[in-house]
Amino acid sequence: MKAIVVGAGVVGSSVAYRLAQAGADVTIIEERRPGGGTSSVTYAWVNACEKLTSEAYFRLNFAGRQAHEDILAEFPGADWYHRPGVLQWQDAEAEAGGRDGTDPLAKLQQLIAWGYPAEVLSLDEVRKLEPEINPDAIGNAPVIHYPRDGWLDPVPYSGALVAAAQERHDATLIEGHVDRLVLTGERCTGVVLGDGRTIEADVVVNCAGRWLNDIVQTPEHRVPLAPTLGIVAYTPPAGTPLRSALRTPLVNMRPDGGGRFLLRSNELDRLLATEEGAVPAHPQAQELMRRAIRTVPALKSVAVEAVRIATRPIPQDSYSAVGPVPGLSNYYAVVTHSGVTLGAFLGELVADELVHGHQRDELAEFRPNRFFN
Ligand SMILES: Cc1cc2nc3c(=O)[nH]c(=O)nc-3n(C[C@H](O)[C@H](O)[C@H](O)COP(=O)(O)OP(=O)(O)OC[C@H]3O[C@@H](n4cnc5c(N)ncnc54)[C@H](O)[C@@H]3O)c2cc1C
């Protein structure tokens, strides 16, 4: 089988690697660099504990977490998956079932019932684990600890998987722009590149993330997306010994290598109107830094060093869309939020479906056809 994979982010690189490993003749087409799209501007928490709105979605993400652990055995020495644990707390208002509508302790019970490693820590236990955290930033909120959670470095991950697809399984990487699909009646037979070349294939797997629909010239074959903007601020190396990732009402923050911290907040993301203006003086970046200092006072003399803004590829109903698109054979879309968590597992599922012809039950609720009925 000849397969084209458009896009080599955390999703496309996983799909390309697994397809090539399963025996497909794979051509990867990437116009930036592996991992250079949304996968380079992300919090990258590999988790299922934020996915409780649907058990099927929780299970998919739980398997995603496992797939990231499993794939490490194929890449000896890989250091892209960090699992020092994640600490999460809500303020008293949210604790009462308020502001964001979640009761953290009910959430904890649900997670434990579904087999997710999670526990409540006392303030003393938090202090022992992370002495730099300001107890006032926690207040009386219960702190949930996910001892086996952590984050991925999606760019090294994507680069390694693309290289392995090429070196181990003879995949081809084309550094170029896909302009549109080649359509023969209701069949997709390849892609046309920006330089006019046509590449033919038995199947085109679209992993272009937020740009998914840009290469689909027929509006009736576009998966509806509801993208959102996200801003990430980075500190310079800070020398502050915080090991865990934090998920808090003020700020989500975690180490980002070399002593740097990565800062973000859903609340501040909602204030964004454009991807433009990603500079340290950005008001949301400055607010992120103020919130980080309230949470970890040892950062008081640290300033924002860099800022990035990205668009999340989110299908309209917020869940993954993975599979064929009605009315267009030999075309397969893979687009999702939480692509960092899901990438490695989606690669396995897509290869199993396309190369071995196994319909995977894990994807039953996440087919693109739900948008077309
Ligand atoms: C602020 C923020 C925080 C996030 N936090 C998390 C989190 O904690 N956990 C989590 O799991 N997820 C998180 N996400 C979501 C996650 O980052 C994305 O779901 C994931 O990166 C998407 O990966 P992708 O491979 O689908 O897309 P991308 O990484 O965007 O890859 C698509 C690739 O396709 C290429 N491409 C596009 N069009 C073309 C074309 N026409 N021709 C050739 N190449 C093309 C692009 O250059 C790009 O490299 C977050 C996102 C943001 C923005």
Side-chain angles (χ1 to χ4, degrees), residues 4-16 27-51 60-61 64-65 68 86 149-155 157-159 161-162 173-181 191-195 199 204-217 223 225 227-233 245 247 252-254 262-266 268-270 272 275 278 284 288 307-315 318 320-322 333-347:
I4 290 172
V5 177
V6 183
V10 68
V11 171
S13 62
S14 305
V15 167
T27 300
I28 307 160
I29 309 175
E30 169 56 59
E31 68 181 349
R32 291 174 179 79
R33 60 187 195 283
T38 306
S39 298
S40 62
V41 187
T42 172
Y43 196 61
W45 179 10
V46 176
N47 79 90
C49 59
E50 299 280 278
K51 321 285 165 56
L60 191 71
N61 281 271
R65 205 164 152 278
H68 274 300
V86 175
D149 271 18
W151 61 90
L152 197 81
D153 295 326
V155 179
Y157 170 89
S158 304
L161 267 70
V162 167
L173 171 66
I174 296 180
E175 295 173 12
H177 170 74
V178 173
D179 185 60
R180 61 186 184 279
L181 304 175
V191 298
V192 179
L193 301 187
D195 62 12
I199 315 278
V204 173
V205 187
N206 190 341
C207 302
R210 56 161 299 192
W211 299 276
L212 179 93
N213 290 320
D214 294 3
I215 65 167
V216 183
Q217 61 268 44
V223 176
L225 301 181
T228 61
L229 292 168
I231 182 167
V232 178
R247 166 85 170 85
N252 298 347
M253 58 188 289
R254 64 165 175 82
L262 185 161
L263 320 174
R264 64 165 302 274
S265 146
N266 285 334
L268 297 177
D269 283 350
R270 287 192 276 273
L272 295 171
E275 276 195 39
Q284 269 80 52
L288 282 168
V307 174
R308 289 182 214 135
I309 301 176
T311 299
R312 297 178 179 87
I314 310 183
S318 83
S320 313
V322 182
V334 188
V335 61
T336 187
H337 184 41
S338 297
V340 176
T341 301
L342 290 168
F345 189 50
L346 291 181

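We count ligands from 1, going down the list as the structure has it; atoms in each ligand are counted the same way. Residue numbers run from 1 in the order of the sequence given.
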*Asks:* Would you name the heavy atoms of G209 and P313 that are closest together and state the gap between them?
*Replies:* C-CB, 3.5 Å

*Asks:* Ligand 1: which residues have a non-hydrogen atom closer than 4.0 Å?
*Replies:* G7, A8, G9, V10, V11, I29, E30, E31, R32, G37, T38, S39, V41, T42, Y43, A44, W45, G176, H177, V178, C207, A208, G209, W211, I215, G230, V232, R264, R312, P313, T336, H337, S338, G339, V340, T341

*Asks:* What residues form a side-chain hydrogen bond (donor to acceptor under 3.5 Å, both in side chains) with N266, not counting sequence neighbours?
*Replies:* R264

*Asks:* Of Y157, F345, W45, W151, which meets ring pair (Phe, Tyr, Trp, His ring centres under 6.0 Å) against H68?
*Replies:* Y157

*Asks:* Sequence neighbours left out, what passes side-chain contact (heavy atoms from CB on, under 4.5 Å) with T228? Give chain and number order.
*Replies:* R312, I314

*Asks:* E275: which residues meet the salt bridge (charged side-chain N to carboxylate O under 4.0 Å, His left out) condition with it, sequence neighbours left out?
*Replies:* R210

*Asks:* Below 4.5 Å, heavy atoms only, C-beta onward: do E30 and V162 meet side chain to side chain?
*Replies:* no

